[in-house]
Amino acid sequence: MNVLWIFAHPERHSLSGALRDEGHRVLEGLGHEVRTSDLYGMGWNPVVDGDDFAHDPGQRLIVGAASQEAHARGTLSEDIRAEHEKLRWADAVVLQFPLWWYGMPAILKGWFDRVFVKGFAYGVVDGGRTLRYGDGVLRGKRAMAVVTAGAPAPTIGPRGVNGDIDELLFPLQHGALFYTGMAVLPPFVVPGADRVSPADYACAAAGLGERLRTLGTAEPIPFRHQNGGDYDDRLVLRPELAPDRTGVRVHYAES
Ligand SMILES: Cc1cc2nc3c(=O)[nH]c(=O)nc-3n(C[C@H](O)[C@H](O)[C@H](O)COP(=O)(O)O)c2cc1C
């Protein structure tokens, strides 16, 4: 498999850096080809601006339309086009980051903002229906988040004070990865990441290795497909499904 590894941590001599090296070692040992976007290492610009689209500064900028046009013309800025090329090449994408303020670091959010442009990652219509939520244009690719979190495991569990990690990751996993059509594998999370003993590290490295061994075969999170019949014409979940329940969990088919 071709694996694209997006690394969003400023320091390679960190827990995250060590896990990345271990992950690459495992994947390459399995015969996969790995390419990396080390966002800090690349000096990735996370901020959308008119230059991304060769924009005329005299004109009012509608970002979605401008990026779609620039994508169609092949005039998106070079760093964005390079990420598109890597994404086209990839069968699987690993997104690795430390949990910062309940989410991904800004540099990674800015990777999505600039790379997942209209026409490339969303906004494509087929047979009158917009392709998204399971049917998006990146369909056929797999994705997995690898996340370190300072919070101890129980505090990011279903009733933990920090909120359930699956819900914290919903914007990334459902809103970006599944929205654009990828099959999203359950995340690999290392909790308690600010105090890691050598034994803890060995356990985390072994766990990551296990998850990477099944990157091509593991069952994805059973998010409901937009066009699979579970949603009505307004894209609201049908009342007979997960009745009387609300919140992000209702978008899991098993709920
Ligand atoms: C700016 C910042 C915000 C953070 N926010 C959170 C958070 O919301 N939840 C959490 O569990 N840990 C949080 N942490 C702790 C980091 O997740 C933790 O330090 C990191 O995952 C450890 O891995 P590393 O050594 O590779 O950086 C935060 C750390 C920083 C620096």
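Remember, it's 1-based here, ligands and their atoms both numbered in the order they're listed.
By the 30° and 60° cut-offs, the orientation of the rings of Phe178 relative to Tyr133 is tilted. Relative orientation of the Phe112 and Phe116 rings is perpendicular, given thresholds of 30° and 60° on the angle between their planes.
Residues Thr36 and Asp38 have side chains that never bring a donor and an acceptor to within less than 3.5 angstrom of each other.
Centroid-to-centroid, the aromatic rings of Tyr252 and Phe223 come within less than 6.0 Å.
Protein residues having at least one heavy atom under 4.0 Å from any atom of ligand 1 are His9, Ser14, Leu15, Ser16, Pro98, Leu99, Trp100, Trp101, Tyr102, Thr148, Ala149, Gly150, Ala151, Ala193, Asp194, listed by chain and number.
Seen from the ring of Trp5, Arg35 does not count as a face-on cation partner, given the 6.0 Å and 45° thresholds. The cationic group of Arg211 does not satisfy the cation-pi geometry with Phe188, failing either the under 6.0 Å distance to the six-membered ring centre or the 45° limit from the ring axis.
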